[in-house]
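For reference, the structure discussed in these notes is given below.
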Amino acid sequence: MNRIKCIVSYDGSKFHGFQVQNKLRTVQGEIQKAIHNICKDEEIVIHASGRTDAKVHGRKQVFHFDTKRDMPEKQWKRAINHFLPNDIYILDSFLVDEDFHSRYSATKKEYHYLLSMNEYSPFETNYIYQYGKSLDIKAMKEAAKIFIGEHNFASFCAIDPYGNTIRTLYHLDIIEKNGIVTFKLIGNGFRRYMVRHIVGGLIQVGAHRIDKAKLEELLESKGEKKCLFKAKPQGLYLHEVFYE
């Protein structure tokens, strides 16, 4: 068996998320159909570094799959792209050891979230959250500091009584340029909706609806109190996945 690692980018606008869902268009579903056209006699299942939700984009998502087919590692990129729709593109392909796992071997993930304080743009509405009002960037940067380090993020992710919600956030940068605000988050892992809830809470601080102390109270409650603010999916990008 050969294990193939691929780096893929995709426009999430017309997908119901990454993971295969019955009768719905998904990124994983399109990729598996493309690989099936190459490996017709095999049942191929791809394993991703993580899932993204409907309308969320991927810049350097990673997945792997096992196949009996022998092919030069870079030829996989060309072959799979030949069968993919134009909103998914394989950036690179590698032959890796069998102990590599796209999810369990990952050491860090980086997400970006884009928000516009400018006038509404129909051309950007699928790619940047059209907030359309000014935010207090200084207050958001100050509030963002509370999330750095290891915390129980139960208040800032989807309810899952069986999942571990302790994660380490290494960086949370907020950059504003020409009315576009970019939130950059790097951590050892992220639970479902975690980035969107963190960004949503920071937006509320920037709008002076809540303050840093309220966010800190939510975080320290470890799930007893939930952050009810969730940023829209269109502005979210899985930017990169890191390995040793």
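Phe147 pairs in a ring-ring contact (aromatic ring centres under 6.0 Å, His included) with only one of the listed residues (Phe190, Phe156, Phe183), which is Phe156. A side-chain contact (heavy atoms from CB on, under 4.5 Å) with Trp76 is found for exactly one of Leu95, Ile38, Ile90, namely Ile38.
Atom CD in Glu220 sits 8.0 Å away from atom CD1 in Ile146 (nearest 0.5 Å). Note that OG1 of Thr165 and CZ of Arg192 are 16.0 Å apart. Values are rounded to the nearest 0.5 Å. With values rounded to the nearest 0.5 angstrom, Arg59 atom CZ is found 5.5 Å from Tyr237 atom OH. To the nearest 0.5 angstrom, Thr52 atom OG1 is 3.0 Å from Tyr10 atom OH. The distance from the CD atom of Glu224 to the CD atom of Glu217 is 11.0 Å, given to the nearest 0.5 Å. One finds the CE atom of Met140 at 11.0 Å from the CD atom of Gln204 (value rounded to the nearest 0.5 Å).
For the pair Asp92/Lys74, a side-chain contact is recorded, criterion being any heavy-atom separation below 4.5 Å from C-beta on. Side chains of Leu236 and Tyr111 form a contact here, defined as non-hydrogen atoms less than 4.5 Å apart. Between Leu202 and Ile174, the closest side-chain pair of non-hydrogen atoms falls below 4.5 Å. Under the 4.5 Å side-chain criterion, counting only non-hydrogen atoms from C-beta, Phe15 is in contact with Glu30. The side-chain heavy atoms of Val56 and Leu238, taken from C-beta on, include no pair separated by under 4.5 Å. Counting only heavy atoms from C-beta outward, the side chains of Leu114 and Val181 never approach each other to under 4.5 Å. Using a 4.5 Å heavy-atom cutoff, the side chains of Ile186 and Asp173 are not in contact. Counting heavy atoms from C-beta on, the side chains of Ile180 and Asn118 come closer than 4.5 Å.
Applying the 6.0 Å contact sphere to CZ of Arg51 captures no more than 12 heavy atoms from other residues, nucleotides or ligands. A 6.0 Å sphere centred on NZ of Lys68 holds no more than 12 heavy atoms belonging to other residues, nucleotides or ligands. Within a 6.0 Å sphere centred on CG of Asn164, other residues, nucleotides and ligands contribute more than 12 heavy atoms. For CZ of Phe123, the number of neighbouring non-hydrogen atoms (other residues, nucleotides, ligands) closer than 6.0 Å is 12 at most. Counted within 6.0 Å of NZ on Lys55, heavy atoms from surrounding residues, nucleotides or ligands total 12 or fewer; the atom is thus considered open. When the shell of 6.0 Å around NZ of Lys60 is examined, it contains 12 or fewer heavy atoms from other residues, nucleotides or ligands. Counting non-hydrogen atoms of neighbouring residues, nucleotides and ligands closer than 6.0 angstrom, the NZ atom of Lys226 exceeds 12 such neighbours. Atom CZ of Arg3 is surrounded by more than 12 heavy atoms from other residues, nucleotides or ligands within 6.0 Å.
Under a hydrophobic-cluster definition in which Ile, Leu, Val, Met, Phe, Trp and Tyr are linked whenever side-chain heavy atoms come within less than 4.5 Å, directly or via other members, Ile148 and Leu185 are assigned to the same cluster. Residues Leu172 and Phe242 do not share a hydrophobic cluster, clusters being chains of Ile/Leu/Val/Met/Phe/Trp/Tyr side chains in contact below 4.5 Å. Cluster annotation: Val8 is connected to Phe65 through the hydrophobic network of ILVMFWY side chains, with a link wherever side-chain heavy atoms come within less than 4.5 Å. A single hydrophobic cluster is not seen to contain both Ile4 and Val62; linkage of ILVMFWY side chains at heavy-atom distances under 4.5 Å, directly or through other members, places them apart. Grouping the Ile, Leu, Val, Met, Phe, Trp and Tyr side chains by contacts below 4.5 angstrom, directly or via other members, places Phe229 with Tyr129.
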Criterion side-chain hydrogen bond (donor to acceptor under 3.5 Å, both in side chains) on Thr26 and Gln19, from CA distance to verdict: CA-CA 6 Å; Thr26 66; Gln19 189 179 23; over 6 Å; no
Verdict with reasoning, Arg191 to Arg167, per side-chain contact (heavy atoms from CB on, under 4.5 Å): CA-CA 8 Å; Arg191 295 304 305 266; Arg167 296 290 185 275; 2.8 Å; yes
Verdict with supporting geometry, His57 and Tyr127, ring-ring contact (aromatic ring centres under 6.0 Å, His included): CA-CA 8 Å; His57 312 290; Tyr127 309 104; 5.3 Å; yes
Working for side-chain hydrogen bond (donor to acceptor under 3.5 Å, both in side chains), residues Asn2 and Asp70: CA-CA 7 Å; Asn2 297 309; Asp70 289 313; 2.7 Å; yes
CA sep, side-chain torsions, deciding dist, call: His151, Phe153, ring-ring contact (aromatic ring centres under 6.0 Å, His included): CA-CA 6 Å; His151 300 283; Phe153 285 94; 5.7 Å; yes
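Considering all non-hydrogen atoms of both residues, Ala207 and Leu135 come closest at N-CD2, 3.6 Å. The two residues Cys39 and Ile44 have their closest heavy-atom pair at CB-CG1, 4.2 Å. Here the closest non-hydrogen pair linking Arg196 and Pro233 is NH2-CD, 3.3 Å. Closest of all the heavy-atom pairs between Ile210 and Gly201 is CD1-O, 3.9 Å.
Asp97 places no side-chain N or O within 3.5 Å of a backbone atom of Phe100 that could act as its donor or acceptor partner. When atom types are taken as modelled, the side chain of His197 and the backbone of Cys227 share a donor-acceptor pair closer than 3.5 angstrom. Side chain of Asp136 to main chain of Lys138: a donor-acceptor pair is present (N/O by atom type, distance under 3.5 Å, no hydrogens or angles). The closest donor-acceptor contact from the side chain of Gln32 to the backbone of Ile35 lies at 3.5 Å or more, if one exists at all. Remark: side-chain polar atoms of Gln130 are paired, donor with acceptor, to backbone N or O of Ile128 under 3.5 angstrom. Side-chain atoms of Ser93 come within 3.5 Å of backbone N or O of Glu73 as a donor-acceptor pair. In this structure, the side chain of Glu176 does not engage the main chain of Thr182 through any donor-acceptor pair within 3.5 Å. Using a distance-only test at 3.5 Å, with no hydrogens or angles considered, a donor-acceptor pair links the side chain of Ser221 to the main chain of Leu218. For the pair Asn188 (side chain) and Thr168 (backbone), a donor-acceptor distance under 3.5 Å is present.
Tyr104 and His101 have tilted rings, their planes meeting at an angle from 30° to 60° on a 0 to 90° scale.
Classification of Asp41 and Arg69 as a salt-bridged pair fails, no side-chain N sitting under 4.0 Å from a carboxylate O. Using a 4.0 Å cut-off between a side-chain N of Lys or Arg and a carboxylate O of Asp or Glu, Lys212 and Glu142 qualify as a salt bridge.
Side-chain contact check for Ser102 and His47: no donor-acceptor pair (N or O, by modelled atom type) lies under 3.5 Å. A side-chain N or O of Ser49 and one of Gln61 form a donor-acceptor pair less than 3.5 Å apart.
Relative to the ring axis of Tyr193, Lys230 places its NZ or CZ within 45° and under 6.0 Å from the centre. Cation-pi geometry between Lys184 and Tyr113 is not met: the NZ or CZ atom fails to fall both under 6.0 Å from the ring centre and inside 45° of the normal.
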